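Reviewing the structure listed below.
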Amino acid sequence: MITFTVRLKACLPPAIRSLILQRKPNIRHVSGMAGGLRPASVVVLHRSLAPAFEKFCQANSGPLPLLGLRKPDTWSLPALNAVPDPRAGSPRFLKYELGACTGSLTSLEEYTEQLGDMVAFFLDCGFSPEAALEKVGLPTGDSVGHGPVGAYKTTVPCAAMAGFCCPLVVTMRPIPKDKLEKLVQATCSVGNKGQPIHIGDPELLGIKDLSKPDYGDPVACQPGDVPVFWPSQMTSLEAVSSCKTPLAFTSAPGCTVMTNLKDTEAPAGCLTPEGIPEVHRISQDPLHYSMASAPAVRKIRELESIIAVDPGHRGIGHLLCRDELLRASLSLSHARAVLVTTGFPTHFNHQPPEETDGPPGAMALAAFLQALGKPVSMIVDLRAVSLFKNLVEEAVEQGVLKTQIPILTFQGGPAGAAQAFLCKDGDPKSPRFDHLVAIERAGRAADGNYYNARKMNIKHLVDPIDDLFLATQKIPGISSTGVGDGGNELGMGKVKEAVKRHIRNGDVIACDVEADFAVITGVSNWGGYALACVLYILNSCEVHRRYLRKAVGPSRVPGEQNWTQALPSVAKEEKMLGILARHKVRSGVSGIVGMEVDGLPFHGTHAQMIQKLVDVTTVRV
């Protein structure tokens with residue numbers, strides 16, 4: 001892309017002035033040259049709108065990185081190299097009247113009188129993906145036409161501010177999958193402004209056709225390329241249009257002025273270890289990648305190894321798949337609404353037949369999802385609805401949960417029943433939930449039955465909630481996680497061959513229904529605790545949080561200060577086991593009613609596990 005620059009009337013170094021006046025390619029890179037110039041786009045608004053637009057930029061710093069502004073009483077200052085004067089220049093400007101673009105201009109000279117009452121804002125254009133592409137040995141992704149590289153309106157709203165309300169605009173470059181992580185690390189080396197805000201399917205941003213950008217010309221994609229998106233300063237054009245002011249001006253797409261205003265971010269090459277990103281695929285259909293910092297990923301992997309201990313000596317080490325906890329949690333972090341299921345009626349001769357493994361982990365995960373502001377529901381067997389309603393009610397009274405959780409049921413039905421349950425009006429494009437989680441939930445075996453670890457068929461006690469997990473495999477945009485400790489739990493179909501080979505009675509009891517992610521743990525409750533802890537780590541990670549919010553809106557969210565209180569704790573889980581004991585729910589191995597899970601006393605292995613998970617989660621690195 002060729003960027004055009006304003007003719008500066010100040011005494012700039014001759015080499016710089018020559019490059020500027022000749023409109024040479026790569027002029028955007030002169031910020032590292034003598035004079036310290038950097039390219040900027042311009043927005044010129046009436047002074048009455050200036051405070052609101054400044055706040056709008058600060059609230060949406062990703063697409064609108066504000067370098068500075070010039071107030072009306074400083075228009076005549078001669079030091080134009082400090083802040084350029086948009087009245088005298090060669091770039092094209094766009095003129096807006098009442099929100100509509102009414103023309104393009106080569107100069108603002110004829111509007112000198114009106115400019116006396118207007119403020120000029122300068123938005124940093126110093127970052128371009130092309131430098132990172134070159135760094136990792138990729139072509140620079142020139143546009144198909146001769147104009148600037150395309151930019152696209154999204155359905156992602158910027159944070160509104162006093163009359164300014166517009167969608168985020170993004171730019172895209174296609175990247176070969178094997179170069180993806182190196183490219184992202186290269187772009188992030190220049191600070192936050194180089195971090196992508198989306199990697200994967202453009203429709204997740206509301207972009208229907210990459211060949212039809214809203215601004216500029218498209219970039220050709222090759223088979224196997226992954227679309228990578230960054231925020232675009234073209235968002236400023238949408239912002240100006242949204243405020244419908246009588247008169248405003250902006251830089252035209254692909255046109256910049258030059259300034260030596262300083263960027264407040266860390267200079268290139270100063271990316272801290274906490275900011276080094278890792279990229280992980282969390283969905284194939286639709287294609288979707290997520291990001292987190294390297295230190296956050298290390299913590300999560302440590303948690304995964306902690307919960308993989310095998311106190312029952314069942315052989316679960318043979319079932320482990322690396323980074324399942326990481327990818328499951330990244331997917332959960334992106335989810336808008338979550339459906340959790342639990343309940344393993346292993347004690348079929350008792351009432352209730354449930355065990356103490358499962359419900360505490362499910363409640364712990366639900367509690368943290370609530371803290372994040374995510375709607376969460378729970379689905380259980382019809383025969384157990386009364387039990388779980390009581391458990392939830394008492395969990396709220398005891399402070400384990402913040403608010404009530406809807407308790408749902410599903411008894412199956414004709415073809416399409418599962419999709420009708422999961423989606424509004426049965427429409428797969430309108431899912432009610434976009435992530436399903438099963439924690440110690442009885443899973444259907446290959447013969448259609450459900451078995452406990454002793455090969456006892458418990459099908460008569462289990463509703464076909466598995467059908468919902470099977471349906472997600474055909475509904476793009478809904479992901480699933482299974483948490484298990486023996487291979488017969490819902491979701492463990494992903495590791496069923498290992499279950500058949502290495503787990504006692506595995507050839508019979510192995511669950512045949514897959515989840516997208518299979519979290520293997522010594523006790524399933526531990527998996528629920530770990531998922532809650534990882535959500536804390538991810539949402540405390542600036543790299544991941546910026547990626548989640550698409551670099552728009554405040555960097556801090558309401559309720560963040562309550563996240564630590566929402567983590568699992570020994571005290572809360574002791575309360576939860578006390579609630580289960582009052583309802584005669586038994587330990588899975590011993591059948592004892594009381595403070596025990598899977599035959600292990602709570603005050604010992606389980607309490608130590610909770611404390612260790614929380615300690616690793618909250619320690620500062």
Side-chain angles (χ1 to χ4, degrees), residues 132 136 175 177-189 191-192 194-200 226 228 266 270-284 287-309 320-335 365 368-369 372 435 437 479 481 483 494 516-521 526-551 555 560 563-564 567-568 612-621:
V136 298
I175 307 300
K177 185 167 61 175
D178 61 340
K179 298 281 189 179
L180 192 55
E181 187 151 74
K182 287 184 178 180
L183 181 281
V184 170
Q185 291 178 353
T187 59
C188 290
S189 68
N192 280 345
Q195 180 180 320
I197 55 92
H198 178 67
I199 303 172
V226 176
V228 180
C270 293
L271 189 65
T272 63
E274 289 74 15
I276 296 174
E278 288 194 17
V279 179
H280 295 270
R281 194 184 74 193
I282 58 174
S283 172
Q284 182 58 45
L287 184 63
H288 193 192
Y289 290 78
S290 189
M291 293 173 54
S293 70
V297 171
R298 284 196 297 272
K299 267 192 179 187
I300 296 166
R301 286 175 174 153
E302 184 177 356
L303 295 184
E304 186 173 60
S305 66
I306 289 172
I307 64 172
V309 298
L320 298 175
C321 300
R322 178 179 167 85
D323 286 343
E324 290 289 279
L325 177 63
L326 169 63
R327 296 193 302 120
S329 302
L330 285 168
S331 180
L332 265 174
S333 188
H334 284 269
L365 174 59
F368 202 83
L369 290 169
L372 293 176
H435 202 116
V437 183
S479 299
T481 295
V483 178
K494 186 171 184 179
D516 293 312
F517 313 106
V519 177
I520 311 300
T521 175
W526 300 351
Y529 306 151
L531 286 168
C533 289
V534 176
L535 287 173
Y536 176 94
I537 293 169
L538 290 174
N539 284 272
S540 302
C541 167
E542 179 56 31
V543 169
H544 180 71
R545 189 158 51 188
R546 188 177 190 274
Y547 188 81
L548 270 184
R549 61 185 176 86
K550 307 292 187 288
S555 60
E560 184 178 335
W563 289 352
T564 303
L567 284 168
K612 189 171 185 179
L613 291 174
V614 173
D615 287 346
V616 171
T617 297
T618 55
V619 68
R620 291 186 177 273
V621 293

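Values in this document were obtained by computation on a predicted structure and should not be read as measured data.
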Worksheet item: What residues, two or more places apart in sequence or in another chain, satisfy side-chain contact (heavy atoms from CB on, under 4.5 Å) together with Ala335?
Response: Val338, Asp434, His435
Discussion item. Applying salt bridge (charged side-chain N to carboxylate O under 4.0 Å, His left out) as the test, list every pair that has at least one member in residues 180-189; sequence neighbours left out.
Written reply: none
Discussion item. Test your reading of the model: is there a side-chain donor-acceptor pair from Glu304 to the backbone of Arg322, 3.5 Å cut-off?
Written reply: no
Worksheet item: Taking all atoms of both residues into account, what is the closest heavy-atom pair of Val614 and Pro568, and its distance?
Response: CG2-O, 3.2 Å
Item to complete: Find out whether Ile307 and Val519 are in side-chain contact, i.e. whether some heavy atom of one side chain is under 4.5 Å from a heavy atom of the other.
Response: yes
Discussion item. Tell me the closest heavy-atom pair linking Leu567 and Ala532, and the distance in Å.
Written reply: CD2-O, 4.1 Å
Fill in: Intermediate values then yes/no, side-chain contact (heavy atoms from CB on, under 4.5 Å), Tyr289 and Lys177
CA-CA 11 Å; Tyr289 290 78; Lys177 185 167 61 175; 3.5 Å; yes
Practice prompt. Would you confirm whether Ser293, through its side chain, and Cys541, through its main-chain N or O, come within 3.5 Å as a donor-acceptor pair?
Written response: no
Item to complete: Hey, could you give me the CD1/CD distance between Ile300 and Glu278, rounded to the nearest 0.5 Å?
Response: 9.5 Å
Discussion item. Determine whether Leu531 and Phe368 satisfy the following criterion, side-chain contact (heavy atoms from CB on, under 4.5 Å), listing intermediate values before the conclusion.
Written reply: CA-CA 9 Å; Leu531 286 168; Phe368 202 83; over 6 Å; no
Practice prompt. Report the C-alpha separation of Ile537 and His544 in whole Å, then their side-chain angles, then the decisive distance to 0.1 Å, and conclude whether the side-chain contact (heavy atoms from CB on, under 4.5 Å) test is met.
Written response: CA-CA 10 Å; Ile537 293 169; His544 180 71; over 6 Å; no
Worksheet item: Do the ring planes of His198 and Tyr547 sit parallel (below 30°), tilted (30 to 60°) or perpendicular (above 60°)?
Response: parallel
Discussion item. Using 0.5 Å steps for rounding, measure from the CD1 atom of Ile199 to the CG atom of Leu287.
Written reply: 9.5 Å
Worksheet entry | Atom pair OG1/CG of Thr617 and Leu303 - distance to nearest 0.5 Å | 4.5 Å
Discussion item. Show the nearest heavy-atom pair for residues Leu548 and Ser333, with the distance to one decimal.
Written reply: CD1-OG, 3.4 Å
Worksheet item: To the nearest 0.5 Å, how far apart are CG in Leu538 and SG in Cys533?
Response: 11.5 Å
Worksheet entry | Close side-chain approach of Lys299 to Val619, heavy-atom, < 4.5 Å | yes
Worksheet entry | Check: Glu302 main-chain N/O paired with Ser305 side-chain donor or acceptor under 3.5 Å | yes
Response to the item:
Rounded to the nearest 0.5 Å, the CZ atom of Phe517 sits from the CG atom of Leu330 at a distance of 8.5 Å
Item to complete: Would you mind reporting whether Ile306 and Trp526 have side-chain heavy atoms less than 4.5 Å apart?
Response: no
Discussion item. Check this for me: does any side-chain nitrogen of one of Arg545 and Glu542 sit under 4.0 Å from a carboxylate oxygen of the other?
Written reply: yes
Practice prompt. Search all heavy atoms of Leu535 against all heavy atoms of Ser329 and return the closest pair with its distance.
Written response: CD2-O, 3.7 Å
Worksheet item: If you look at every heavy atom in Pro277 and Val184, which pair is closest and at what distance?
Response: CG-CG1, 3.7 Å
Fill in: Residue pair Glu324, Ile520: steps toward the side-chain contact (heavy atoms from CB on, under 4.5 Å) verdict
CA-CA 8 Å; Glu324 290 289 279; Ile520 311 300; over 6 Å; no
Practice prompt. First locate atom NZ of Lys494, then atom SG of Cys321, and finally report the distance between them rounded to the nearest 0.5 Å.
Written response: 6.0 Å
Response to the item:
Scanning both residues in full, the closest heavy-atom pair of Thr481 with Ala328 reads OG1-CB, 3.5 Å
